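Just so it is clear, the model here is predicted, and its values are computed rather than measured.
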Amino acid sequence: MANPNTSGLANEETLYRVAELFKVFGDPTRIRILHALSDRELCVQEIADQLEMTQSAISHQLRILKQSFLVKFRRDGKTIYYSLADDHVFTILMQGLEHVCE
């Protein structure tokens, strides 16, 4: 993907994709999940316990986060562990927190 800082104005498709990304960040539950995963990888039950929500509700939100390439997972036997997809996700989350805490 081209660097938006060096290629002039972003095209419409790129802008649409950015808007879709921010829609995913627009849900408080998904932000809470991303924040929980910012420290370490967790399984669904650990996330559910930490957020005091059902496993079903967490799984639904994790599916959206996976489809948006914001979280990744690994299987260890029957347990699936989730983590942030990459450093960009962490940076976006931390920048948002810093912005609202100013």
Can you name the nearest heavy-atom pair linking L65 to I33, along with the distance? CD1-CG2, 3.8 Å

Approximate separation, where rounding is to 0.5 Å, of S83 OG and L70 CG: 12.0 Å

Counting only heavy atoms not in E52, do more than 12 sit closer than 6.0 Å to its CD atom? no

Quick check on the hydrophobic clustering: are V18 and Y16 connected, directly or via other members, by side-chain heavy-atom contacts under 4.5 Å? no

Taking it one step at a time, do Y81 and E46 satisfy side chain to side chain contact (heavy atoms under 4.5 Å, CB included)? CA-CA 10 Å; Y81 291 94; E46 292 169 326; 4.2 Å; yes

Mind checking the CD1-CD1 spacing from I92 to I31? Nearest 0.5 Å is all I need. 9.5 Å

Heavy-atom side-chain contact between F90 and L34 under 4.5 Å: no

Atom CD of E20 with >12 non-hydrogen neighbours under 6.0 angstrom: yes

Short side-chain donor-acceptor distance under 3.5 Å, N11 and T14: yes

What distance do D49 atom CG and I58 atom CD1 have between them, rounded to the nearest 0.5 Å? 9.5 Å

Geometric cation-pi criterion, K66 with F73: 6.0 Å, 45°: yes

Nearest heavy-atom contact between V89 and F69 is CG2-O, 4.5 Å

Minimal non-hydrogen separation, L84 against S38, with atom names: CD1-CA, 3.8 Å

What's the spacing between Q45 CD and T54 OG1 if we round to 0.5 Å? 10.0 Å

Find the distance between CG (L42) and OG1 (T79) and round it off to the nearest 0.5 Å. 12.5 Å

Are I47 and I80 co-members of a hydrophobic cluster defined by side-chain heavy atoms under 4.5 Å apart? yes

How far apart are the closest heavy atoms of Y82 and L37, and which atoms are they? O-CD2, 3.3 Å

Identify the two heavy atoms, one from R30 and one from Q61, that lie closest to each other, and give their separation to 0.1 Å. NH1-OE1, 2.8 Å

Are any of the side-chain heavy atoms of Q50 and R32 separated by less than 4.5 Å? no

To the nearest 0.5 Å, how far apart are SG in C43 and CZ in R75? 12.5 Å

Between H88, Q95, M94, which is the residue that forms a side chain to side chain contact (heavy atoms under 4.5 Å, CB included) with T91? Q95

